[in-house]
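Below is one structure; the comments refer to it alone.
Please read all numbers here as calculations on a predicted model, not as lab measurements.
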Amino acid sequence: MDTYVITIARGFGSGGKEIGLKLAERLQIPCYERQILKLASEESGLSENLFTQVDEKLRKRSVLKRLRTIPFHTVAEPQDQKFESDINLYNIQAKIIRDLAAATSCVILGKAADYILKDQPNVACFYIEAPRSACVKSIMEKMGVSEQEAHKLIRKTDKYRADYYKYYTNGNYWTNPVNYDLTLNSDRVGRDACVDIMEHYVRYKFHL
C-alpha cells in the first residue's frame, strides 16, 4: 500500500494527542490536528479563526438545523450565502482530510476523520480513553488548573466533541467501538504501550 492514514479520536485528558504525536514520530510520518484548520483556511480563503470556532464543536444549533440542506459532502461556492456556514466549514475540512489521505501517509487527530474516511481501505482508526480520575490528573498537571476546573474542562470538551461527531455522522456516537479498529485505555496499558500496540497493528494491517 502506497499511503496509509491513522485516525485517532480521544477523550480529553486521555493522552490521545501525545500518543498520536509519538506514533507519527515512530512511523516517520506527519501528524495533523490544528494544521488542518490552517490548510482549510488556505484552501478556502476564509479566516483560520472561523475554522477554530467550529473545531470539533457546533455553533448555534437552531441555525445549523436550517442549514442541513447543504449536503455533507459538497463544498459551497464562495458566492453562496452559506459559504461560511458550519456545515460548509466542515465540508472544507473534510475535503482537506480526504486529500491528505489520498496524497500522503499521516496521523489525523480528531475532526471525525474516522467517519470521513470510513470507506477508504488505507485507514486504521483508533479511540483513546482513560478513566475520569486519570484524565483529571493529566489535565491538572498539563494545564495547571484545579481539580474542579479539570472536571469542568473534561465535561465541556468531551460533550462538544461528542455532539459534533453525532451531528456530522447522522446520529452515530463518538465512543462507538464499531467505529474503530482498536479502542485503548491509556491509563490501564500506559501511553507508551499504546504507541507500541498501535504501531504493531498498523504495520500488520498495512504490511509495512
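In this structure the side chain of Asp163 never reaches within 4.5 angstrom of the side chain of Lys57, judged on heavy atoms. With contacts defined as side-chain heavy-atom distances shorter than 4.5 Å, the pair Leu21/Glu25 does not qualify. Inter-residue side-chain proximity for Tyr168 and Leu58 is flagged as met; some heavy-atom pair is nearer than 4.5 Å. With contacts defined as side-chain heavy-atom distances shorter than 4.5 Å, the pair Glu18/Ser138 does not qualify. Side-chain contact between Ile97 and Tyr32: absent, with no pair of heavy atoms (C-beta onward) separated by less than 4.5 Å. Taking the side chain as every heavy atom from C-beta outward, Arg34 and Asp55 approach each other to under 4.5 Å. At a threshold of 4.5 Å between non-hydrogen side-chain atoms, the residues Ile6 and Leu27 count as touching. Inter-residue side-chain proximity for Met198 and Ile8 is flagged as met; some heavy-atom pair is nearer than 4.5 Å.
In this structure, Glu48 and Ser41 approach most closely via the heavy-atom pair N-OG, 3.4 Å. The two atoms that bring Ser14 and Ile19 nearest to each other are O-CD1, 4.5 Å, heavy atoms only. Between Leu50 and Leu89, the closest heavy-atom pair is O-CD1, 3.8 Å. Scanning both residues, Leu109 and Gly20, for their nearest heavy atoms gives CD2-CA, 4.2 Å. Of all non-hydrogen atoms in Gly13 and Arg191, the two that sit nearest each other are O-NH2, 3.3 Å. Residues Asn185 and Pro131 share a closest heavy-atom pair of OD1-CD, 3.6 Å.
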- Does the pair Ile92 and Leu46 meet the rule for a side chain to side chain contact (heavy atoms under 4.5 Å, CB included), with working shown? CA-CA 10 Å; Ile92 294 167; Leu46 293 169; 4.2 Å; yes
- Could you go step by step and tell me if Gln35 and Glu33 meet the side chain to side chain contact (heavy atoms under 4.5 Å, CB included) rule? CA-CA 5 Å; Gln35 298 91 331; Glu33 186 190 31; 4.1 Å; yes
- Apply side chain to side chain contact (heavy atoms under 4.5 Å, CB included) to Val202 and Phe126, showing your working. CA-CA 10 Å; Val202 167; Phe126 299 95; 4.0 Å; yes
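Atoms OG1 and CZ, from Thr3 and Phe206 in turn, are 9.0 Å apart once rounded to the nearest 0.5 Å. Rounding to the nearest 0.5 Å gives a distance of 10.0 Å between CD of Gln93 and CG of Leu39. Put simply, OH on Tyr167 and OH on Tyr90 are 11.0 Å apart, with the number rounded to the nearest 0.5 Å. Between the CD atom of Glu43 and the CD1 atom of Ile96 there is a distance of 4.5 Å, given to the nearest 0.5 Å. How far CD1 of Ile116 is from OG1 of Thr169: 10.5 Å, rounded to the nearest 0.5 Å. The line from OG of Ser44 to NZ of Lys95 is 10.5 Å long, rounded to the nearest 0.5 Å.
In the displayed structure, Arg188 atom CZ is contacted under 6.0 Å by at most 12 heavy atoms of other residues, nucleotides or ligands.
Side-chain heavy atoms closer than 4.5 Å link hydrophobic residues (I, L, V, M, F, W, Y) into clusters, and following such links, even through other members, never connects Tyr160 to Leu153. The same ILVMFWY cluster, assembled from side-chain heavy atoms under 4.5 Å apart, contains both Ile36 and Leu117. Cluster membership check: Ile197 shares its hydrophobic cluster with Val107, using side-chain heavy-atom separations under 4.5 Å among Ile, Leu, Val, Met, Phe, Trp and Tyr.
If you run side chain to side chain donor-acceptor pair (under 3.5 Å) between Asn179 and each of Tyr173, Tyr115, Tyr165, only Tyr165 comes through.
The six-membered or imidazole ring of Trp174 lies near that of Tyr127, with a centre-to-centre distance under 6.0 Å.
Pairs engaging residues 146-158 under the side-chain hydrogen bond (donor to acceptor under 3.5 Å, both in side chains) rule: Arg132-His151 [sequence neighbours left out].
Taking a cutoff of 4.0 Å between a charged side-chain nitrogen and a carboxylate oxygen, Arg161 and Glu129 do not qualify as a salt bridge.
Remark: the backbone N or O of Val123 is paired with a side-chain donor or acceptor of Lys205 at under 3.5 angstrom. Checked by atom type and distance alone, the side chain of Ser186 never pairs as donor or acceptor with a backbone atom of Ile128 at under 3.5 Å. Ser105 places a side-chain N or O within donor-acceptor distance of the main-chain N or O of Tyr4, the cut-off being under 3.5 Å.
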